[in-house]
Amino acid sequence: RDGIDMMCDCYPYDAFSTNIGETTYDDGFLQSYKSDYSHIELCDGPYAGQRCTEEIFCKLRREAPETLTVGYFMREDDVDLALMSNFVMLGSDGILSGRKGHPRASGSFPRFISRFVRTGKLSMSEAINKMSCMAAERIGLKAKGSLRPGADADIVIFDPERIEDRATYAEPLLPPAGIDRVLIGGRTARRDGEVQSVALGRALRFGRD
């Protein structure tokens, strides 16, 4: 309303992931979430796989603040409301510690199609826009996000009736089902569930002006 150029991203899960020392867990967070310590799962360290207690929480905040956690505090209807907004694009916000962490790193995009397109919450074109065009335009990647002459040939070929996430909180790196082929720069990176090349693609890093 005030003319601020602002957009958001969201992932299709009702749990977040962050280090136990982050401000997310500052004083008063349990009151804000109307919850308790047992809704925090520890992903690494000596308590990996366990739910938190007040004693463990305080110990790790003090001695191992980098400990990765999953917080089961979010509400599914809030996530749905966000992802169906015209101002919100899809993001994975992937973060892992070794092979442990949040399944969003592997499952966000297939899960978005299976849970929002196949259920009729969004059309396929709306979902693809949120997964590709919106992000590319927002960041200013002119060669990404669409299929047109001159654009990078980054293409995902999938079956809309079979695609779904398989990653879980216990096994966050399980690959999705229903993706037949992935091309990066026109070259096959993955076919029928098997990685063909690990040398394709590159990380894009952005600094502030």
Original post:
Can a cation-pi geometry be assigned to R111 and Y11, taking NZ or CZ under 6.0 Å from the six-membered ring centre and within 45° of the ring axis?
Top reply: no
**OP:** Run the ring-centre check on F57 versus F29 and record whether the distance is less than 6.0 Å.
**Re:** yes
Subject >> Ring centre gap for Y13 and H102 strictly below 6.0 Å >> reply: yes
Side chain of [X], backbone of [Y]: donor and acceptor closer than 3.5 Å?
X: K130; Y: S85; value: yes
X: D152; Y: D154; value: no
X: R104; Y: P12; value: no

**OP:** Can you establish whether the number of heavy atoms outside E55 located under 6.0 Å from its atom CD is more than 12?
**Re:** no
Subject >> More than 12 heavy atoms of other groups within 6.0 Å of K142 NZ >> reply: no
Original post:
side-chain hydrogen bond (donor to acceptor under 3.5 Å, both in side chains): which pairs involve residues 166-189, sequence neighbours left out?
Top reply: R162-D180, R181-T188
Subject >> Partner residues of D9 under the salt bridge (Lys or Arg N to Asp or Glu O under 4.0 Å) criterion, sequence neighbours left out >> reply: none
**OP:** Please identify each residue that fulfils side-chain hydrogen bond (donor to acceptor under 3.5 Å, both in side chains) with D5, with sequence neighbours left out.
**Re:** R138
Original post:
Any ring pair (Phe, Tyr, Trp, His ring centres under 6.0 Å) pairs touching residues 177-197, not counting sequence neighbours?
Top reply: none
Original post:
What pairs meet the ring pair (Phe, Tyr, Trp, His ring centres under 6.0 Å) rule with one or both residues in residues 79-99, with sequence neighbours excluded?
Top reply: none
Subject >> Remaining members of hydrophobic cluster (4.5 Å side-chain criterion), I4 >> reply: M6
Subject >> Y47 side chain to T67 side chain, donor-acceptor N/O pair below 3.5 angstrom >> reply: no
